[in-house]
Chemist: 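Below is the structure I would like to discuss, written out as structure tokens.
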Amino acid sequence: PFFEVTDLEAPEEADPGDEIDVSATVTNLGPEDEQTVEFRFEGDTVAEEPLSLDTGESDTVTFSDIQLPAEDGVFEHGVFTDDDSATADIVVGDVDLDTVAVVHDGIGTPPTETIGVLDEQLAGFEDAEGIDSSAVDPEDLTDFDVVVFYDVADGDAEPLMTAVEENPLVGSVYLAMNFGPEAMIDRSSVFDDPDEAFTGFDTGPVELEITQDHPLFDGVGDVGETVTIHTDSFGDFGAFEGAAGPDGDLGTIVTGGVTEQGTGVGVSDATGTDAVLLGSIDPDNTFAGADALTDEALTLLGNAVEFAEDQ
């Protein structure tokens with residue numbers, strides 16, 4: 001049996017002490033079975049419901065009148081079966097939320113899918129804001145807690161990236177992907193770090209072999225595991241080599257199950273502040289966008305921003 005959990009519905013905000021209702025759809029992907037479905041709040045089981053399902057059957061499980069804490073904060077909650085879960089965060093009371101900018105080159109459509117994924121993945125953040133690199137003052141960019149460099153217009157990379165990385169209060173994330181963001185390549189030109197950043201394509205799927213333990217991989221995988229980044233058959237990827245620091249190489253991009261293309265995840269300390277380098281994840285990609293990206297890849301993107309904010 002496998003009881004899958006989908007379509008979690010819950011309020012995103014509430015007042016301290018409020019009562020909320022939370023529901024989710026549970027589908028039995030295996031033979032007929034019965035399980036106890038749990039609602040957990042900050043890791044503790046606060047309600048449960050027995051559920052029996054035939055093969056392929058679905059049902060909506062609702063947990064009503066869940067009492068929220070009396071104090072302000074951002075709390076994780078979710079619906080769990082023996083096999084699966086769906087979680088979310090709720091902002092209770094008056095909480096100062098962190099801010100994140102997604103910098104793009106202003107050409108064509110802004111990276112709306114990337115912005116949407118970050119809004120879904122991040123707890124304790126305001127909605128991500130798209131920023132045209134040619135229309136922002138470098139110092140204004142440092143008002144954000146985290147800056148995700150998706151792409152930048154010609155001539156904008158050095159002033160924007162320097163302003164962000166010279167400010168110890170601002171975290172940074174750099175992306176690279178074939179037919180997509182090239183900010184990591186621009187960073188290599190500005191800071192000579194990483195030594196090389198590049199994009200390309202091969203046979204899919206594109207995977208990440210995790211080579212070091214790191215908070216970026218929380219909920220993604222463990223050292224020695226290989227996780228799928230995207231399932232598109234074209235195998236578009238972004239990677240790099242030679243990032244500074246002990247965490248400069250945290251995992252290797254593998255295409256077609258056999259070919260190592262370079263480092264896919266790392267944290268560079270070349271400028272004195274930690275910058276997250278993330279290859280092969282581009283929710284706005286024409287071929288390997290949000291629909292082709294795995295849950296692990298989306299979690300990794302969210303983790304990158306949360307890690308950058310903590311530095």
Side-chain angles (χ1 to χ4, degrees), residues 5-13 22 24-25 74 76-79 85-91 95 97-133 135-136 141 143-152 171-184 206 208 216 218-220 227-232 236-238 264-265 276-309:
V5 185
T6 58
D7 301 328
L8 180 71
E9 293 189 7
E12 296 180 356
E13 299 178 356
V22 178
T25 300
V74 180
E76 182 179 66
H77 64 88
V79 175
S85 63
T87 62
D89 295 285
I90 185 169
V91 177
V95 178
L97 300 178
D98 294 315
T99 56
V100 56
V102 179
V103 176
H104 58 91
D105 60 10
I107 300 173
T109 305
T112 54
E113 292 289 341
T114 300
I115 292 169
V117 166
L118 291 177
D119 290 343
E120 292 176 358
Q121 292 291 324
L122 296 174
F125 280 79
E126 295 180 7
D127 288 347
E129 183 175 346
I131 300 291
D132 184 338
S133 69
V136 64
L141 203 55
D143 291 337
F144 291 89
D145 294 298
V146 179
V147 177
V148 177
F149 284 101
Y150 183 90
D151 219 347
V152 293
S172 58
V173 178
Y174 293 83
L175 305 181
M177 178 61 166
N178 201 39
F179 296 111
E182 296 185 347
M184 194 194 304
V206 171
L208 177 73
L216 286 171
D218 289 349
V220 176
V227 298
T228 301
I229 297 298
H230 73 74
T231 56
D232 189 76
D236 293 296
F237 68 88
V265 181
V276 181
L277 310 180
L278 196 59
S280 303
I281 298 178
D282 174 21
D284 287 273
N285 197 269
T286 301
F287 303 104
D291 290 341
L293 289 168
T294 63
D295 290 343
E296 289 80 4
L298 301 179
T299 298
L300 181 55
L301 179 58
N303 287 353
V305 173
E306 290 179 340
F307 177 82
E309 190 279 328

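Counting from 1, the numbers follow the sequence of the chain as shown. Nothing here was measured: the structure is a model prediction, and the numbers come from that model.
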Chemist: Quick check: does any side chain N or O of S133 sit under 3.5 Å from a backbone N or O of V103, one acting as donor and the other as acceptor?
Modeler: no
Chemist: Would V206 and T228 count as a side chain to side chain contact (heavy atoms under 4.5 Å, CB included) here? Give the steps.
Modeler: CA-CA 6 Å; V206 171; T228 301; over 6 Å; no
Chemist: Do F125 and V305 come close enough that some side-chain heavy atom pair is under 4.5 Å?
Modeler: yes
Chemist: side-chain contact (heavy atoms from CB on, under 4.5 Å) with L175: which of D284, L301, V102, D282?
Modeler: L301
Chemist: Report the C-alpha distance between L216 and V276 in whole Å, list the side-chain angles of each, state the deciding distance to 0.1 Å, and finish with yes or no for side chain to side chain contact (heavy atoms under 4.5 Å, CB included).
Modeler: CA-CA 9 Å; L216 286 171; V276 181; 4.2 Å; yes
Chemist: Would you say the side-chain atoms of S85 pair up with the backbone N or O of V79, donor to acceptor, closer than 3.5 Å?
Modeler: no
Chemist: Any side-chain heavy atom of D127 within less than 4.5 Å of one from E129?
Modeler: no
Chemist: How many angstroms lie between atom CG of D98 and atom CZ of F144, to the nearest 0.5 angstrom?
Modeler: 12.5 Å
Chemist: Parallel, tilted or perpendicular: which describes the rings of F149 and Y174, with under 30° parallel and over 60° perpendicular?
Modeler: parallel
Chemist: Does any N or O in the side chain of H230 come within less than 3.5 Å of the main-chain N or O of D236, such that one atom is a donor and the other an acceptor?
Modeler: yes
Chemist: Verify, without hydrogens or angle tests, whether D145 (side chain) and T99 (backbone) share a donor-acceptor contact under 3.5 angstrom.
Modeler: yes
Chemist: Between atom OG1 of T299 and atom CD of E306, what is the distance when rounded to the nearest 0.5 Å?
Modeler: 9.5 Å
Chemist: Does the side chain of E13 come within less than 4.5 Å of I90's, by heavy atoms?
Modeler: no
Chemist: Find the distance between CG (D132) and CD1 (I107) and round it off to the nearest 0.5 Å.
Modeler: 9.0 Å
